[in-house]
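Written out below as structure tokens is the structure these notes cover.
Just the heavy atoms: all of them, side chains too, but no hydrogens, waters or symmetry mates, feed the values below.
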Amino acid sequence: MAKKVLVIRVGSRTTHIVHMDNVDDEPSIYGCMRVTTPEGCVSDGQIIDVTDLARVIVKTMKEKHISCKDAIFVIPSSKIASREATMPAVSKQRMGALVQARVGDLFPVDVEQYVFSHVLQGKPYKGGEETKLATEQEFDNLVEAEEGKNNKKKKKKKNESTDSVDDSELVQDVLVFAAPTELVNSYYALADAIGVKISSLEADGNSVFQIMKRQVGSGTSLSIQINRDSTLVNVVNQDKLLLQRVVPYGVNVFTDAIQEEPAFRCETFDKAYKLISSQRVLMPHLGVDNTSDDFSLQKRIEVTNNGDYLIGNIIRVVEYYNAQHRGEPIQNVSLIGWGCSIVGIHELLSNELGLPTTTPTEIAGVRFNRKVEISISMLQYLNCMGAVFAPVNFISKDVAEKDAKKGTMVGPILIFGLLVCVAAVIAGWSYLNLFTARDERDAAQMKVNSMASIEPEYNELMAVEKNYGTYKGVKVATDLNNNHLRQLLDDIQAICPASFTINSIVSDGKTVTINADSYEKLSSVSALIIQLNNNIPMIRNVWIETIQSKKPGKAKNKDYGYTMTFEFIANELKAAQELSDVLSDVMEAQDQSTENETVTAVDNTEGGDQ
């Protein structure tokens, strides 16, 4: 039974998911689904918000009861570059090394910041004859020359065929892809968040090429995939991709014009797309004249003419191809993607391109499960369906390094031996700990049994301790310095002169400011400060900030104003006293215990003498 895989293509607005077999020979498709990509999660193919996007995909998998743990991600990004190169025709194992050796010549970038991969283009052919493919016999002989050097028996059987072929004359066209490492790593992070294992990372353009080359027959065909915001144009000749370009316009050239025109009453993309997919809005040509001055016709012409940006770019791609390949003209056009559902788009492209334009009625190369409802909307999933045939398979450098380390057997053998030794030591240590733990458990159980009789008293004591803790907490929360303010005032009045009258008191619990009057001038402010500091324990750092007369200087009776400030430390003093009492109790208990031990020792000595 073929192994199943999830093929996921994360677009800027829509994420397509296909559940299918991971085989390259008519894989079966079990389901196709699409979800809206959360806004801001993707930027030109790179995953920005892994968590939000993974949540949407996991939710979709649960709703569809999909438990597949392998995934292929199709990356639609303009950051992925491709170049065609011609290499010596060697085995697949050696081809990868040859490609890596030439990437510096093919791409003017920092190769350390990119991941490179390749796919083969067609079959090997003789050097110097670019359009002539090698025969099947020549290809078989090449494979034998590369892989069967150590098999003498096979070499003898095909000796004549091998001698007739010069391996150095055969070359292979290769399409080399380059993707930024940061872009590739973002999909590994997404796979981890979803909980799947990456089978391969595929380039969007290669995936479309792999499925479309199975749709075209002989000759050269133009494949146009009109997506929502862009269009992918491929020129395919059987099993070879001759040209690939991305046009920065898609279905939006028509839907935007409809949304901007109030007459259509379509404020959203979905409404506009539904309108052009169900009713004939497009005209058969660009630039149609409205000779009858019909309002409805004029609006249709405006929408059609807005597609000039899209069609003009496609025409330039065709003209460029024709200039480069005069001997292989394009014979037909295959239209897929979102655009193939637009009513009248086939006639419009046929007239403007001068080539017959059709949409495949069946998808060759794949099979649909009987539970899958087949419709034209399935063409939106072609990017996913082509990912299982011959994927580019970008591999993160970290993963490649890990795979390379797994290839050597010395490391694993040493690790295995070390693990065996460690396991033996751990097992012996575990048995020793087991016996020790059993003895400790038995001793602890005996102690528990012996103390079972005092458990009620212990629980009662714990309850009392808990209540005492609650009491202390409440006492600390409510016992403030200001609670001792009355006693403080009495102590201050006892030290200050009888004429000392307090007018106002300001206290924040830590610092106190007292404003007072006296009809007598204090003879010594310093002496008063010293007396307050020394005789009232609840305060410290007393200071009389100002002394001033409140009546004119010539008056016989004068009032003198005083402003006194100090720190209020009633609670600190009380806490220190309580700590001192506790320490005294502890010391007394220790002295009593020492005295008892001494008496016991004396008694034992006397008993021994007797």
Side-chain angles (χ1 to χ4, degrees), residues 78 80-89 99 102 105-107 118-136 138-139 169-178 203-226 230-249 310-337 339 346 349-360 364-365 382 386 389-390 392:
S78 62
I80 298 178
S82 63
R83 297 287 187 276
E84 187 174 356
T86 302
M87 303 285 184
V99 170
R102 286 198 57 189
D105 300 329
L106 296 174
F107 300 96
H118 70 280
V119 292
L120 302 180
Q121 287 274 76
K123 295 179 180 179
Y125 58 91
K126 289 184 179 180
E129 298 178 16
E130 298 182 358
T131 60
K132 182 178 179 181
L133 298 175
T135 63
E136 291 292 334
E138 289 173 330
F139 183 69
E169 293 183 357
L170 294 178
V171 293
Q172 172 71 62
D173 288 335
V174 179
L175 195 60
V176 185
F177 291 85
D204 193 43
N206 182 64
S207 181
V208 174
F209 162 63
Q210 295 297 334
I211 189 66
M212 287 308 298
K213 76 179 185 179
R214 289 164 170 79
Q215 314 306 313
V216 300
S218 59
T220 304
S221 176
L222 178 68
S223 170
I224 303 176
Q225 183 186 36
I226 303 179
S230 63
T231 297
L232 182 64
V233 182
N234 291 321
V235 182
V236 181
N237 187 333
Q238 296 181 358
D239 59 351
K240 190 172 183 180
L241 179 63
L242 302 179
L243 181 66
Q244 185 176 81
R245 291 291 184 270
V246 177
V247 176
Y249 304 102
L310 169 63
I311 298 174
N313 277 274
I314 296 175
I315 292 175
R316 279 190 284 274
V317 173
V318 174
E319 291 174 347
Y320 174 79
Y321 170 80
N322 290 334
Q324 300 295 322
H325 303 81
R326 298 184 181 277
E328 299 176 351
I330 298 174
Q331 299 177 0
N332 55 73
V333 178
S334 294
L335 180 62
I336 58 175
H346 299 84
L349 288 176
S350 296
N351 293 332
E352 296 299 326
L353 299 177
L355 295 169
T357 303
T358 59
T359 292
L382 289 180
F389 296 109
V392 173

For the residue pair V233 and L222, establish whether any side-chain heavy-atom pair is separated by less than 4.5 Å. yes
When rounded to the nearest 0.5 Å, the distance separating OG1 of T231 from CG of N313 is 9.0 Å
Quick check: do E84 and K240 have side-chain heavy atoms less than 4.5 Å from each other? yes
I'd like to know if the side chain of T357 reaches the main chain of L355, judged simply by a donor and an acceptor atom lying under 3.5 Å from each other, with no hydrogens or angles considered. yes
Contact check, side chains of H118 and M87, non-hydrogen atoms, under 4.5 Å: no
Closest non-hydrogen contact found for Y320 with R245 is CE2-NH2, 3.8 Å
Hey, what do you get for CG (L349) to CD1 (I226), rounding to the nearest 0.5 Å? 5.5 Å
Using side-chain contact (heavy atoms from CB on, under 4.5 Å), reason through F389 and V119 one step at a time and then give a plain yes or no. CA-CA 11 Å; F389 296 109; V119 292; over 6 Å; no
Are any of the side-chain heavy atoms of Y125 and V171 separated by less than 4.5 Å? yes
To the nearest 0.5 Å, what is the distance between CZ (R214) and CG (D239)? 9.5 Å
If I compare all heavy atoms of Q172 with all of G122, which pair ends up nearest, and what's the gap? NE2-O, 3.2 Å
What are the two closest heavy atoms between K213 and V236, and how far apart are they? CB-CG1, 3.8 Å
If you look at every heavy atom in G386 and I211, which pair is closest and at what distance? CA-CB, 3.8 Å
CG on N206 to CG on L241, rounded to 0.5 Å: 8.0 Å
To the nearest 0.5 Å, how far apart are NE2 in H346 and OG1 in T358? 7.0 Å
So CD1 of I224 and CG of L310: to nearest 0.5 Å the spacing works out to 8.0 Å
Please check this pair: side chain of T359 against backbone of L335, looking for a donor-acceptor N/O pair closer than 3.5 Å. yes
Sorted by chain and residue number, the ring pair (Phe, Tyr, Trp, His ring centres under 6.0 Å) partners of Y249 (sequence neighbours excluded) come out as Y309
With A390 via side-chain contact (heavy atoms from CB on, under 4.5 Å) - residues at least two apart: Q210
Do the non-hydrogen side-chain atoms of I314 and E352 ever get within less than 4.5 Å of each other? no
State whether the side chain of E328 and the backbone N or O of G219 hold a donor-acceptor pair below 3.5 Å, judged by distance alone. no
If you look at every heavy atom in L232 and G205, which pair is closest and at what distance? CD2-CA, 3.9 Å
So which heavy atom on I336 is nearest to which on M212, and how close? CD1-SD, 3.6 Å
